[in-house]
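When reading the values below, keep in mind they use all heavy atoms of this one structure, side chains included, and skip hydrogens, waters and symmetry mates. Letters A, B, ... are given to chains in the order of the sequence lines, protein chains preceding strands, and every chain is numbered from 1.
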Number of protein chains: 4
Amino acid sequence: MSGIARTSATGGEGMLPELLAWSTSLHHDRAFVREDLLGSAAHVTMLARTRLVEVADAQRLREALLSMYADAEAGTLALPDGEEDVHMAVEAELGRRLGAVAGRLHTARSRNDQVALDLRLHVRGQVADALQRTTALVTMLSTRANDERETLIPAYTHRQRAQPTSVGFRLCAWASQLLRGAECLAFGLARADRLPLGSGACSGSSLPIDRNLTSFLLAFSQPTLNALDTVGDRDFALDFAWGATRVMVALSRLSTDVIDYATSEFGYVKLDGRIAAGSSMMPQKKNPDVFELVRGQSARAIGNVMSLLTLVKGLPNGYNRDLQEDRAALLSTGPLLRGALDAVTLALPHVTFDGVKSAAALADGSTQATDLAEALVRKGVPFREAYKAVGALVRRAIDDGIALSQLDPAVASALHPALDAEALRALDPAAAMRAKESIGGTGPRAVAEQIEALRAGAEALAVIASNTPTLANLAARIAAEPLEPA
Amino acid sequence: MSGIARTSATGGEGMLPELLAWSTSLHHDRAFVREDLLGSAAHVTMLARTRLVEVADAQRLREALLSMYADAEAGTLALPDGEEDVHMAVEAELGRRLGAVAGRLHTARSRNDQVALDLRLHVRGQVADALQRTTALVTMLSTRANDERETLIPAYTHRQRAQPTSVGFRLCAWASQLLRGAECLAFGLARADRLPLGSGACSGSSLPIDRNLTSFLLAFSQPTLNALDTVGDRDFALDFAWGATRVMVALSRLSTDVIDYATSEFGYVKLDGRIAAGSSMMPQKKNPDVFELVRGQSARAIGNVMSLLTLVKGLPNGYNRDLQEDRAALLSTGPLLRGALDAVTLALPHVTFDGVKSAAALADGSTQATDLAEALVRKGVPFREAYKAVGALVRRAIDDGIALSQLDPAVASALHPALDAEALRALDPAAAMRAKESIGGTGPRAVAEQIEALRAGAEALAVIASNTPTLANLAARIAAEPLEPA
Amino acid sequence: MSGIARTSATGGEGMLPELLAWSTSLHHDRAFVREDLLGSAAHVTMLARTRLVEVADAQRLREALLSMYADAEAGTLALPDGEEDVHMAVEAELGRRLGAVAGRLHTARSRNDQVALDLRLHVRGQVADALQRTTALVTMLSTRANDERETLIPAYTHRQRAQPTSVGFRLCAWASQLLRGAECLAFGLARADRLPLGSGACSGSSLPIDRNLTSFLLAFSQPTLNALDTVGDRDFALDFAWGATRVMVALSRLSTDVIDYATSEFGYVKLDGRIAAGSSMMPQKKNPDVFELVRGQSARAIGNVMSLLTLVKGLPNGYNRDLQEDRAALLSTGPLLRGALDAVTLALPHVTFDGVKSAAALADGSTQATDLAEALVRKGVPFREAYKAVGALVRRAIDDGIALSQLDPAVASALHPALDAEALRALDPAAAMRAKESIGGTGPRAVAEQIEALRAGAEALAVIASNTPTLANLAARIAAEPLEPA
Amino acid sequence: MSGIARTSATGGEGMLPELLAWSTSLHHDRAFVREDLLGSAAHVTMLARTRLVEVADAQRLREALLSMYADAEAGTLALPDGEEDVHMAVEAELGRRLGAVAGRLHTARSRNDQVALDLRLHVRGQVADALQRTTALVTMLSTRANDERETLIPAYTHRQRAQPTSVGFRLCAWASQLLRGAECLAFGLARADRLPLGSGACSGSSLPIDRNLTSFLLAFSQPTLNALDTVGDRDFALDFAWGATRVMVALSRLSTDVIDYATSEFGYVKLDGRIAAGSSMMPQKKNPDVFELVRGQSARAIGNVMSLLTLVKGLPNGYNRDLQEDRAALLSTGPLLRGALDAVTLALPHVTFDGVKSAAALADGSTQATDLAEALVRKGVPFREAYKAVGALVRRAIDDGIALSQLDPAVASALHPALDAEALRALDPAAAMRAKESIGGTGPRAVAEQIEALRAGAEALAVIASNTPTLANLAARIAAEPLEPA
């Protein structure tokens, strides 16, 4: 049966059924059947307008295609099995509905430019959706950051406690990396924005097609530049996979932090039972499964990038069937990213910071030694002298076996007169945190500015996402377009 | 509903249903439900023998598990949806069939060692199967090589015609790389050969379990060494993915050669319509889709390796939920490899070498210049002198604008007396090809030895593959094992 | 000695010398010593202006740093060995020149933000340089395309001859992919454009530093958003590696085409001896080494991307020493890309298209069957009917065993009246090629538009590249900046 | 100058000097000049024995080559710059020493099989060395494990405290994964064990060469199977990179554990100042730089694997110059692995376990709930009942807000009579740890067996490593071989 399908498409003798079954991409391509239908509806509109198909035929074709699109949206579209790909399956169904006129759709089109169109429309939709979700997460983190501007937590370098910061500052760090990931997505969105249709098999057409019209109908900014390049081009898939990977890597780093904070040893966050369950024997144990899974999934995103890069490296230009193997990586990327973003977005409200625990980690004062030195500098002590004095103080505390914060002020001022009570206040982690108001610092004003910038950045990208035409937009635009040639 | 499932497993309050649905691995895990059932059947046998479960209970459990296994083999096993993973789904079904006794299965086991078992059994089966197919392909190529020992074809370096060889020799080159791939698979098979069950959650058990017995029942050579290592170990998955990738890369190189040979420009092979179809407009065009797809699929295999490596890199020891994300890469590897091996195995008989066309590429003699020089050396001319003489001859032919093979013998012997008619016979590509009888060379005797070695190598590995226990073997072994403690 | 270096930096007891030698990044970091010096010169200028260092000290420091920068430019700067990294080596040399005042430089800075600065400055320079070269290559290809607008060559799909096109069109295809690569570089350039300095170890500073001033002095558009994010961020390295990989992949595909065209079998291009040499025995053989090496180097670029992605995946936020292992991938990327771009740019003028040979591949007319059908459509024959008529003609030619172009016109017009002499002119490859004037098509007007668009695109990016500040620009800007506080 | 070098090698007109400089691999190839010299010495010995070179000439050549080898060992060998590769550089130097006779070496050899030989010899040496070091580290960890069999530490799942184990058990887990890595190296060693020399350019030789003799002289077990395959084969490089990556990934996981344990929060290990230094302001802070760097370096190893896989994927068989780009990945792998192994081996003795701190993490008894249930089972309580009783006890402790270990025994026995004082002893972490004596468990006897197995495994592989012939072995063997033909 598959053999028949193939034969009807290509006129050749039948391929071995096992090979046809193995080589079909239909199971993958169902993911973009709606895109395929709208692409055809736009194409036939253009064909009518350029007198390449008669208006009456175009009318029937467009109506049938839009009706199949509506069915697909409703989940009721049945496509015949056993076709080589989604294009053939759509055509077969169209033939079933309309008869021979279905064949008119072929005019000035090949499966090479058709699949390039479907994939770009798919990518455009996936990227816009992911961009929306990523920016929403950035905004959520920003809001949360505002709530936690005074909650103390150590910042770490080399996984060692380094300096007193606020949880709000830390949330802004996560949001900053995510925002960069969102910017990569937005770049990917721009890269998908060219109409491939009209490239034909590889060199365009001698018929008077109007690619600008098709481009308008499908809401692309312009047609692609060169037909030969277009049919062999999967750069837009690479750009999508790259942006997705960047967001996933940002999520993986956030996840590592949450997993660490949720250990008994750190104890900086509590996970509630809506996102984490213990065992019957250890109900108090809350496993950070959500964050572990997200971190693990970032490895899949990386594998997808690698798969796509290796696929196209060294490939001859023009269409090669190798390109069909973009499907597994390309089509899994959207759901993978969406799943991870949603999981983190759902889970984070169930992650509570335990400010008492994290503040306690700063109590001995050792993480504030630099702050103390800077306090002396602010009082006018030369830099070197300030650091020397604090260095001596630190060693004295170690020698005495007590915490820096517990040293007798008299001992301190004996070491250097500027080490007075006011200066020693810098050992208070909250004071130290608040003092760092340099741009990008952990001080509350600096963090407020970061929150503002993050929100503005997220908002700007969210606008781009929400301005991206949806399939429903396209369907409406196509349906409204006159068919009669001017 | 998912929430209930989770709760019953863990006693905790319910996880958000969206997160449960997102985090479940059940859709993936169905791929190894049979392995899970046999693992449980072996486990309960061991529990009975070590008096940890009563014989009567064990009897009922084992029978139910083996019956579910038979259902799974028959494709009739229905597992409840909405469970967190295949282990919970199996237990739920077992509970449905047997009631509370189903819970006994938990004794001295955790999902951490259970999934490690299932995956290893899956890998063992997949590797053995792939090894069988790879060795069969090596053997097929060897047989084909024997038929083509006298068919001339240029060997290429830098994609330039380099030396006269036989098609048989070229087929042996493909087979050699595939055989190395098969050796990687065999290494992977050996690496999967250790029983993880009995590792518990991460540190073994204080109960008197008998891992050697379970190991015997599941036909592993021995239990794993260290429980903590075992539950966090996916090295066997890496070894599998690596072996698979190596075979896929070998197939990708073979594919590039076939694709090139099938061009109009090379024309060294013809693809028949059973494996390649043209278009209605260009029926004479035969596209090498099968080989393009295989080459493209090798990129997916590489992506899978990368995904798995990145997954485990830097992961804390012990079980981390990240590991669940091994599924997509691990479970797709077997079918990917099997599909590509079958496609190439099916397609190659429909690829015919056109010896006339490939011999013609050697006709002008230029590729035999080195052979001519070696012919002089064989006649006793010192190496340098021989090469100088042939170099002069080559330049003379170029100056005269004729092919080396068409130079007047008198001109040749004037350049060097040893360049007589007998020596010039080395310009005949067939003679030149036949003369290279060094080990590994393209001469017919040398190729015959290669064929012999390839067959022997393939046979040795095929034996390993066919000696690998199947699930049916395990089921029989487990069913036959007494339950009564000694 | 290394131990001493370390001790003087950190006050701790000495690290094992073997570990110090192993862990130093000095050999790598020499690549960005100039960036480090200018970063310090900008920093000390800011410190003076914010009264954190006295003007006189700042004056001496800045002069010494700019003098060392001049030495480094001249290749005469000697740095002491045995230091942990370039920052310590620079400070040691500065100490040698100026004495204790060298230590002032430490104020409000850490090695974490310093290395982030150096790497960004390095990346900015590398990207701008690569962007310049990539756009120049696009322009060169465009010019060449203009010369070859009438040279015929088959376009390929599935590596089979598909349609008649011009070499100019093919060159535009290469240029289009390269231009997309260049756009990725430009994106990377924008991503590097934020000043990390002032982030301190991880949380900013309590001193009244002025990051906007430093940002201005180093010609960044603004400071980074969040200090904790900044010190652990290597996204700019990922963006750079990604853009570079994209250009390399574009070059790899161009290379495959050239390598194929340069075979005896295709013969569409000749490589002259300035870029390819044969052997003494086969002087007529010209190996396409340049293009093979470039294709091979694209694999290194891909490996670099993978290495960087895996490096940061799952890493805790903040600075971790893991990040030092960005060096091999990051620092090799610039030279790799520059080398490949220069090699292709140098080599292409020595690659000559043999239009006679490539036109001959289109002579039998079979690749023009679609063009003939479109010609009928243009004459008013309905699409289906046109294709049916040409299909019949093709089969007839096959049955008669002659080329489509050699069929008797009478036979043709007997099959369909529209298949007259005028229509059959579409079988002429030049006519067929010229007729495809759809946007992006191979017709001369369409190609002329492509050339125009490519040039404009390249020009726009070249402007961005040439507007990127050089190190010399920065040095001048810093030297000109007053030191006195307002 | 480079042009001259090239010309003298190939007789062609000169390549552009910039391209020659860019395309040379000489800077990389210096890494295997000794291998190249010994390969030539073996080759000329064979040539003499097969009468292809006169004994007197062979004598001079072999002596000169072995003398150059001795110079290279001593670090005094100067090779001329400006040659295309190391083979040409060696020949040029040989020519300088001996005159025209140097050219005899060319007989029955090409640079294609020569570089394949050099790389295999390099890989063999690197792998043997790495195997030695890896097994030594396994042995060191085993010894350490023996010392720490009674030191308590929690095992983790999901990064949550899970069960009481010994540090010795944890060390065995690290060692187990490393041992698997070592097994991959050993597999790689076996894969490099075939002589490529004698394959010529791609199809062997018509001269009566004796590959078995060369194989013996260079201590390979046999010649490669097929010449065409051999010159395009880099599978041995892949096997090496793979084994190295596996060891690096094992080290990365060990490193993550050490980094976590070294945090203030875990505090399970102390790093002394010989391997970690704090800052002058925070001398008590010890950064785990060594382990961070090793973890980071594992990403480079992964990038190398990816680079090599992508390099060969889809490459036409036979030699393609692309293969030269194996160098960066191949040659950096040995030093990378050796450096990381040495660093960890040096550092671990300076990592001290703080058993008091890690035992304290088990003190509240919650991690021993499962052990308590198993204790009841051992007393004869049915499994379900035991778990139910302990579950109730756990909930009671939680309700009472006290640790499980602090519950009044009377309360316990009221819940279930078997929960008596003896049973409750299972809450003692040491008792719980000691009780897990299943194979692979954390009990001291089980760990002793693991140590034994690890030592035996390491020893077996160390023997393989130390039996691998060194270059010095080869030099002696070659020098001792008679030159006269039989």
Side-chain angles (χ1 to χ4, degrees), chain A residues 103-104 107 155-159 162-163 165 172-173 176-177 180 187 198-199 201-207 209 211 223-229 235 242 249 252-253 256-257 295 298 302 306 309 312-319 321 371 374 377 383-384 435-436 438-442 450 453, chain C residues 103-104 107 155-159 162-163 165 172-173 176-177 180 187 198-199 201-207 209 211 223-229 235 242 249 252-253 256-257 295 298 302 306 309 312-321 374 377 383-384 435-436 438-442 450 453:
Chain A
R104 299 283 150 94
T107 314
Y156 289 78
T157 54
H158 305 270
R159 223 51 194 154
Q163 299 195 334
T165 60
C172 286
S176 296
Q177 194 181 4
R180 281 195 301 278
F187 179 68
S199 297
C202 57
S203 61
S205 175
S206 64
L207 299 175
I209 57 173
R211 295 185 72 200
T224 55
L225 189 65
N226 175 285
L228 179 57
D229 172 55
D235 285 358
W242 181 247
V249 166
S252 81
R253 298 185 72 174
T256 290
D257 287 335
R295 187 171 59 182
S298 70
I302 292 173
M306 190 47 40
L309 276 177
V312 296
K313 175 243 164 186
L315 209 59
N317 273 103
Y319 183 78
R321 188 82 184 268
D371 300 282
E374 288 195 353
V377 171
F383 173 78
R384 282 265 129 185
K436 288 190 186 148
S438 58
I439 295 176
T442 190
Q450 295 166 40
Chain C
R104 299 283 150 96
T107 315
Y156 289 78
T157 56
H158 304 271
R159 222 53 193 153
Q163 299 195 334
T165 60
C172 287
S176 296
Q177 195 182 2
R180 282 196 300 278
F187 180 69
S199 296
C202 57
S203 60
S205 175
S206 64
L207 299 175
I209 58 172
R211 293 186 72 199
T224 56
L225 190 65
N226 175 284
L228 180 55
D229 172 56
D235 285 357
W242 181 248
V249 166
S252 81
R253 297 185 73 174
T256 290
D257 287 334
R295 186 171 60 182
S298 71
I302 292 173
M306 191 46 40
L309 276 177
V312 296
K313 176 242 162 187
L315 209 60
N317 273 101
Y319 183 77
N320 302 278
R321 188 80 184 270
E374 288 195 353
V377 172
F383 173 78
R384 281 265 130 185
K436 289 190 186 149
S438 59
I439 296 176
T442 189
Q450 294 166 39

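The minimum heavy-atom distance between C:Ser206 and A:Glu374, with the atom names listed, is OG-OE1, 2.6 Å. Residues A:Gln450 and C:Leu225 come closest through the heavy atom pair CG-O, 3.1 Å.
Only the backbone of C:Tyr156 comes within contact range of chain A, with heavy atoms under 4.5 Å apart. Contact annotation for A:Ala162: only side-chain heavy atoms (C-beta onward) come within less than 4.5 Å of a heavy atom of chain C. Interface remark: C:Pro316 contributes backbone and side-chain atoms alike to the contact with chain A (heavy atom separation under 4.5 Å). Heavy atoms closer than 4.5 Å to chain A are found in both the backbone and the side chain of C:Asn317. For A:Ile209, the part lying under 4.5 angstrom from a heavy atom of chain C is the side chain only. Looking at C:Ser205, the atoms closer than 4.5 Å to chain A (heavy atoms on both sides) sit in the backbone and in the side chain alike. Both the backbone and the side chain of A:Asp235 come within contact range of chain C, judged by heavy atoms closer than 4.5 Å.
Between chain A and the options C:Ala453, C:Gly318, C:Gly204, C:Ser203, the largest number of non-hydrogen pairs under 4.5 Å is found for C:Ser203. Of the listed residues (A:Asp371, A:Val377, A:Ile302, A:Thr224), the greatest number of heavy-atom pairs within a distance under 4.5 Å of chain C belongs to A:Ile302. Ranked by heavy-atom pairs under 4.5 Å with chain C, the first of A:Val249, A:Thr442, A:Leu228 is A:Leu228. Annotation: maximal heavy-atom pairing with chain C below 4.5 Å, among A:Cys172, A:Ala201, A:Gly198, A:Gly440, occurs at A:Gly440. Counting heavy-atom pairs closer than 4.5 Å to chain A, the top residue among C:Ser199, C:Ser252, C:Ala155 is C:Ser252. No other option in A:Gly441, A:Ser298, A:Ala227 has as many heavy-atom pairs under 4.5 Å with chain C as A:Ala227.
Within the 3.5 Å criterion, the main-chain N or O of A:Pro223 finds no donor-acceptor partner in the side chain of A:Arg211.
Counting heavy atoms from C-beta on, the side chains of A:Asp229 and C:Arg180 come closer than 4.5 Å.
Between the side chains of A:Arg295 and A:Thr256, a donor-acceptor pair is found at a separation under 3.5 Å.
Note that the CD atom of A:Gln163 and the OG1 atom of A:Thr157 stand 7.5 Å from one another [nearest 0.5 Å]. Of the inter-residue distances, the one linking C:Arg159 atom CZ with A:Leu315 atom CG reads 8.5 Å to the nearest 0.5 angstrom.
Using cut-offs of 30° and 60° for the angle between ring planes, the A:His158 and C:Tyr319 rings count as perpendicular.
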